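The sequence lines fix the lettering, A, B, ..., with proteins before strands; numbering per chain opens at 1. These figures come from a predicted structure and were not determined experimentally.
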Amino acid sequence: MTFTLATWNINSVRLREALVCRLLQEEAPDVLCLQEIKTPVEKFPLEQFHALGYRHMVARGQKGYNGVAILSKLPITDVGGRDFATLGHARHVAGQLENGVTIHNFYVPAGGDIPDREQNVKFGQKLDFLTEMRDWAHAEKPQKAILVGDLNIAPREDDVWNHKSLLKIVSHTPIEVEHLAQTQDAGAWVDVTRQDIPEGRLYSWWSYRAADWDAADKGRRLDHVWATPDISGAAHGSRILRPVRGWEQPSDHVPVFASFDL
DNA sequence: ATGGTTGATCCTCAA
């Protein structure tokens with residue numbers, strides 16, 4: 001059986017309910033992982049997604065900020081959501097499909113503007129969150145697992161529009177890239193997007209602040225799909241849906257897709 | 001070096 005999964009930072013699911021419906025209708029992923037739903041779970045707009053065949057969901061929400069959800073056509077069991085770095089934020093939820101695959105959906109803290117934990121508490125919290133993800137992966141020894149989400153780090157030189165000019169910009173600093181690499185190594189996670197598309201620039205986010213995001217094209221690859229080695233060979237068909245950034249009243253992130261033959 | 005935009009909620013903070 002082949003299933004297709006997508007991850008998308010939606011930046012308010014209540015405001016962009018229609019955009020989610022459009023993606024579900026046009027692309028029909030079996031599973032859609034959302035970040036920054038910005039709502040408590042009880043106010044999540046389920047009805048239209050249900051009507052489109054997405055009858056299953058696991059989620060962690062909070063009022064106004066953060067929040068993660070996994071919408072699925074396939075039955076999915078809630079297997080927990082952890083409060084990494086003890087921030088009291090809804091930034092992780094995990095679900096298990098009937099084929100035994102576990103999906104972890106993450107929204108890693110953005111980290112503020114100054115890349116120094118002495119001057120900026122949020123940067124320290126971001127690094128601590130990644131360190132706890134590393135320790136968790138080391139202890140968990142994940143198998144048949146997929147980890148997706150807005151990890152808020154663009155690790156490679158070709159994951160950003162200009163490597164040199166972003167070295168001191170939060171999301172591409174060497175210390176963040178090192179923390180992300182340690183998290184990835186601890187779970188033996190394979191970067192599925194780069195397994196499928198090893199060469200060339202890839203972006204999944206473009207700032208709202210650019211006058212013309214498309215022409216300027218100052219993007220970063222902040223959104224990731226990882227898999228454990230026992231199923232990474234089954235992955236194929238990765239895509240980043242750049243045109244979604246041009247939809248009406250868009251999120252600043254676009255969906256990242258991957259398929260698995262399992 | 002600076003300012004640029006968006007969303008939710010409260011009149012500012014986070015991204």
For B:dG7 versus B:dG3, give the span between their P atoms, rounded off to a whole number of Å. 22 Å
On DNA chain B, check which nucleotide each of A:Pro40 and A:Asn152 is closest to and give me the residue with the more 5' one. A:Pro40
If you count every heavy atom of other residues, nucleotides or ligands that lies below 6.0 Å from A:Asp113 atom CG, does the total exceed 12? no
Give the first and the last nucleotide of DNA chain B, reading 5' to 3', that has any atom under 4.0 Å from a heavy atom of chain A. B:dG4 to B:dA15
Does any pair with a residue in residues 163-176 of chain A pass salt bridge (Lys or Arg N to Asp or Glu O under 4.0 Å), and if so which ones, sequence neighbours excluded? A:Lys126-A:Glu176
Can you pull out every salt bridge (Lys or Arg N to Asp or Glu O under 4.0 Å) where at least one residue sits in residues 200-212 of chain A? Sequence neighbours excluded, please. none
Pairwise P distance for B:dC10 and B:dA14, with rounding to whole Å: 14 Å
Sequence neighbours excluded, the answer for ring pair (Phe, Tyr, Trp, His ring centres under 6.0 Å) partners of A:His163 is A:His172
Evaluate salt bridge (charged side-chain N to carboxylate O under 4.0 Å, His left out) for A:Arg194 paired with A:Asp159, printing each intermediate quantity in order. CA-CA 10 Å; A:Arg194 280 302 187 181; A:Asp159 290 336; 2.9 Å; yes
Counterpart residues, salt bridge (Lys or Arg N to Asp or Glu O under 4.0 Å), relative to A:Asp128 (two or more places apart): A:Arg117
Residues in ring pair (Phe, Tyr, Trp, His ring centres under 6.0 Å) contact with A:Phe123, at least two apart in sequence or another chain: none
Residue pairs passing the side-chain hydrogen bond (donor to acceptor under 3.5 Å, both in side chains) test with at least one member in residues 71-81 of chain A, sequence neighbours excluded, are A:Arg60-A:Asp78
So what does A:Arg245 hit on the nucleic acid, given a heavy-atom distance under 4.0 Å: a base, only sugar-phosphate, or nothing? nothing
Want to settle it: does A:Glu36 or A:Arg16 sit nearer the 5' end of DNA chain B, counting the closest nucleotide to each? A:Arg16
Which value, in whole Å, describes the distance between the C1' atoms of nucleotides B:dG4 and B:dA15? 14 Å
Determine the interatomic distance between C1' on B:dC13 and the same-named atom on B:dT9; round to the nearest Å. 9 Å
Among residues 206-216 of chain A, which contact DNA chain B at a heavy-atom distance under 4.0 Å? A:Tyr208, A:Arg209
Give the residues of residues 163-181 of chain A touching DNA chain B, defined as any heavy atom closer than 4.0 Å, sorted by residue number. none
According to salt bridge (Lys or Arg N to Asp or Glu O under 4.0 Å), who are the partners of A:Asp223, at least two apart in sequence or on a separate chain? none
Could you list who else is in A:Val177's hydrophobic cluster, with ILVMFWY side chains joined at under 4.5 Å, directly or through other members? A:Phe84, A:Leu87, A:Phe106, A:Val108, A:Phe129, A:Leu130, A:Met133, A:Trp136, A:Leu147, A:Leu151, A:Ile153, A:Leu180, A:Trp189, A:Trp226
List in chain and number order the residues that pass salt bridge (Lys or Arg N to Asp or Glu O under 4.0 Å) with A:Arg156, two or more places apart in sequence or in another chain; answer none if no residue qualifies. A:Asp158
